[in-house]
There are 2 protein chains.
Amino acid sequence: MRPRMVAALEALLEIEFSAFIDLRQRNPLCEARLEGMTNFPEAFDRFARKILSANLSDAAHLRFQSLARLVALDRDRALEFEGTSSQLIFVGHGATKLVAHASEARDQIVAFHFVGDVFTVPEQDNYSYSVCALRDCDLLTFGANEFLDLAASEAPILRHLLDNTTSSLRRCREKTIALGRKTASERVAVFLLAMGERIGVRKGGSVLLELPMSRRDIAESLGLTIETVSRQLSLLREAGAIATTGRSGIVLRDVGMLKARAGYLRDAA
Amino acid sequence: MRPRMVAALEALLEIEFSAFIDLRQRNPLCEARLEGMTNFPEAFDRFARKILSANLSDAAHLRFQSLARLVALDRDRALEFEGTSSQLIFVGHGATKLVAHASEARDQIVAFHFVGDVFTVPEQDNYSYSVCALRDCDLLTFGANEFLDLAASEAPILRHLLDNTTSSLRRCREKTIALGRKTASERVAVFLLAMGERIGVRKGGSVLLELPMSRRDIAESLGLTIETVSRQLSLLREAGAIATTGRSGIVLRDVGMLKARAGYLRDAA
DNA sequence: CAGCCGCATTGATCTGAATCAATTTGGCGA
DNA sequence: TCGCCAAATTGATTCAGATCAATGCGGCTG
């Protein structure tokens, strides 16, 4: 840790703290955990390693740091961004869902994000968006415009963001395919495979999953109802493709069978 | 036009031409128009103005140019990218659809792109992608990796690409919302409003649209069938929200009514 | 560890959009 | 200008998944 940054950090944490109080006052849903505050240096450090280029000057490093706001978000709490311009978010710890709100309380989960992910929350236009914690989270938030202005001449940073955005886009397109053209059972299979890739643990031929999201979340992500998701999981269990333990544990026993049921392009490499 | 570039251009066009012949031989679907070849300088110039930074050195400019391949794609012709790594595409002229192929010839249109748009075609993984011309097109294609390597230290270029990718992502998320949570009539209304924004011509209180895509394309984009799209258009016509002229002309007579039927967040700014 | 609450599962019925089928129409070439 | 063909419209029926309803069970609290 660079010693000359300590004083600056303390100042920043003060700023952070007031911003946090401010946020909580404006938004009752955001009830950040006080003890989470100490995570700011750690979270920012992880963010810096992932996104900021290694040879960034200390001054620039500090400027990015002063732009960051830590939000410690308890499970099921949501960050709303009404009226705010678009935000850049880094998941320092935990797991989140990005929810779009359409009319009549019809919500669509647009994406899940896990530790280390970076993503943007669009400005409100035809829909409003919120970020909701699936587990207790430490998030770093930046105003996207301010961040990009600061990164204007830092090509490596822009490149990192571009790569991140491109994979978000790829995932979003795959979701589009699932929602547009797939049956309920295919969607559930696709979901399980994707989660296996992102947060699964390989064990022998199986993949162990500890899902942080509820059946409702899965349903809202796949454009289905909880009942349909549940039925499809039961069918997969009966077919021997998966096993379930408790409410959140799922073992992908037969990944081949899942892939066959996912409606993927045949003979995919 | 910088005079010292002429010789280089001629050389490049030769390269371009052989690449084009090569492409056509490898892929019978790609039957480029010969007379389109002369559009390369013009198309690249437009691309440069949009994406490359103004103060790029001539040498760098030429390097980007040598990476570009012009593909003149006739209406209904498709560019397949099997086995290719991901591509960056600029629409110099015309309109395209980006199609994802899932199993059993179920295709989902992932996005439409129009003159001046830049977008990436992902590498094949669970799905294969193709770019299909809605009208006769001039496209510039780049290997995405090569392009990004070349742009590695050109922050303004990366910034342009990032902005483009971010808006693609926003549009894709909005499509996700539509496919996940909206009824057929809402989807059609959303589609018409979005096309009005992108390629419509305001005339008085109305918006004139000349749709380059067929009902089948609309259906494949919205996750519906042609019949359902047709029925919903008829309903909107009866309600007075739109008028249709011929097969491709649509007048958005009452944008307010369309918005009300689009299932957007109420009291959206 | 007992009891409760909310999530999840399972079952019965309903419905919006798909599918199947028959016309109609617009646009193009002879 | 006519006639043809593909695209679009309109209608009848079917079906996947939503909705409504009841029961089961995991996990947390006292």
Side-chain angles (χ1 to χ4, degrees), chain A residues 74-76 97 104-108 132 134-136 178-192 209-239 242-250 261 263, chain B residues 74-76 97 104-108 134-136 178-192 209-239 242-251 261 263:
Chain A
D74 279 348
R75 190 165 182 282
D76 283 340
K97 54 180 173 178
E104 299 163 41
R106 288 181 302 173
D107 292 346
Q108 171 69 35
C132 183
L134 298 172
R135 307 181 173 294
D136 290 356
L179 298 191
R181 281 283 165 263
K182 287 187 195 272
T183 65
S185 63
E186 289 171 330
R187 292 184 206 188
V188 171
V190 167
F191 170 81
L192 291 175
L209 267 177
E210 187 67 27
L211 293 182
M213 67 288 281
S214 68
R215 298 287 186 270
R216 172 166 302 282
D217 291 327
I218 300 174
E220 285 188 359
S221 163
L222 297 180
L224 300 169
T225 57
I226 1 179
E227 293 95 326
T228 301
V229 171
S230 180
R231 272 184 258 269
Q232 295 305 330
L233 287 175
S234 298
L235 290 176
L236 288 174
R237 201 184 311 118
E238 283 159 28
I242 64 171
T244 53
T245 61
R247 250 159 210 180
S248 58
I250 294 190
R261 288 169 178 242
Chain B
D74 279 349
R75 189 166 183 283
D76 283 339
K97 54 181 173 179
E104 300 163 40
R106 287 180 303 172
D107 292 345
Q108 170 69 36
L134 299 172
R135 308 182 173 294
D136 291 355
L179 298 191
R181 281 282 165 264
K182 287 187 196 270
T183 64
S185 63
E186 288 172 330
R187 293 184 205 188
V188 171
V190 167
F191 171 81
L192 292 175
L209 268 177
E210 186 66 27
L211 292 182
M213 67 288 281
S214 68
R215 298 286 186 271
R216 171 166 302 283
D217 291 328
I218 300 174
E220 285 187 359
S221 163
L222 297 180
L224 300 169
T225 58
I226 357 178
E227 293 96 325
T228 301
V229 171
S230 180
R231 273 184 258 269
Q232 295 304 330
L233 288 175
S234 298
L235 289 175
L236 287 174
R237 202 185 311 118
E238 283 160 28
I242 64 171
T244 54
T245 63
R247 251 160 208 179
S248 58
I250 295 190
V251 183
R261 288 171 178 241

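Naming convention: chains lettered A, B, ... in sequence-line order (proteins, then strands); numbering from 1 in each chain.
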Might you point out which heavy atoms bring R261(A) and A239(A) nearest each other, and give the distance in Å? NH2-CB, 3.4 Å
Is there side-chain contact between L179(B) and Q108(B), with heavy atoms separated by less than 4.5 Å? yes
Mind running a 4.0 Å heavy-atom check of residues 225-233 of chain A against DNA chain C and sending the residues that fall below it, in number order? E227(A), S230(A), R231(A)
Show me, pair by pair, the donor-acceptor contacts under 3.5 angstrom made by side chains of residues 229-238 of chain B, not counting sequence neighbours?
from    : atom 1 : to      : atom 2 : distance (Å)
S234(B) : OG     : S230(B) : O      : 3.1
R237(B) : NE     : T244(B) : OG1    : 3.1

What's touching nucleotides 26-30 of chain C from the protein side, N or O pairs under 3.5 Å?
from    : atom 1 : to      : atom 2 : distance (Å)
dG27(C) : OP1    : R247(B) : N      : 3.2

State, with a plain yes or no, whether a side-chain heavy atom of V251(B) is found less than 4.5 Å away from one of I242(B). no
Within residues 209-216 of chain A, the residues having a heavy atom closer than 4.0 Å to DNA chain C are S214(A), R215(A), R216(A)
Closest-nucleotide mapping onto DNA chain C: is R237(A) or R181(A) further toward the 5' terminus? I mean the 5' end. R237(A)
Taken to the nearest 0.5 Å, the spacing of D217(A) CG from K97(A) NZ works out to 3.5 Å
If you take all heavy atoms of R215(A) and R247(A), which pair is closest and at what distance? NH1-O, 3.3 Å
Return yes if some donor-acceptor pair links the side-chain N/O of R216(B) with the main-chain N/O of I226(B) below 3.5 Å, else return no. no
Mind calculating the distance between CG (L222(B)) and C1' (dA17(C)) to the nearest angstrom? 13 Å
Assess whether a salt bridge exists between E186(B) and R106(A), defined as any Lys/Arg side-chain N lying under 4.0 Å from an Asp/Glu carboxylate O. yes
As an exercise, state the distance from CE of M213(A) to OG of S248(A), rounded to the nearest 0.5 Å. 10.5 Å
Give, for atom CG of L209(A) and atom OG1 of T245(A), the distance between the pair rounded to the nearest 0.5 Å. 10.0 Å
Write down the atom of R181(A), the atom of D107(B), and the distance for their closest heavy-atom approach. NE-O, 3.0 Å
Contact boundaries of DNA chain D with chain B (under 4.0 Å, heavy atoms), 5' to 3'? dA6(D) to dA12(D)
Under 4.0 angstrom, heavy atoms only, what part of the nucleic acid is G249(A) near: base, sugar-phosphate, or nothing? nothing
Hey, what bend do you get for the helix from dC1(C)-dG30(D) to dA30(C)-dT1(D) if you fit axes on five pairs at each end, rounded to 10°? 50°
Is D136(B) reaching over with its side chain to a backbone N or O of D74(B), donor-acceptor style, under 3.5 angstrom? no
Do L211(B) and F191(B) come within less than 4.5 Å of each other through their side chains, counting heavy atoms only? yes
Shortest non-hydrogen contact from A219(B) toward T225(B): CB-C, 3.5 Å
Check: K182(A) main-chain N/O paired with R187(A) side-chain donor or acceptor under 3.5 Å: yes
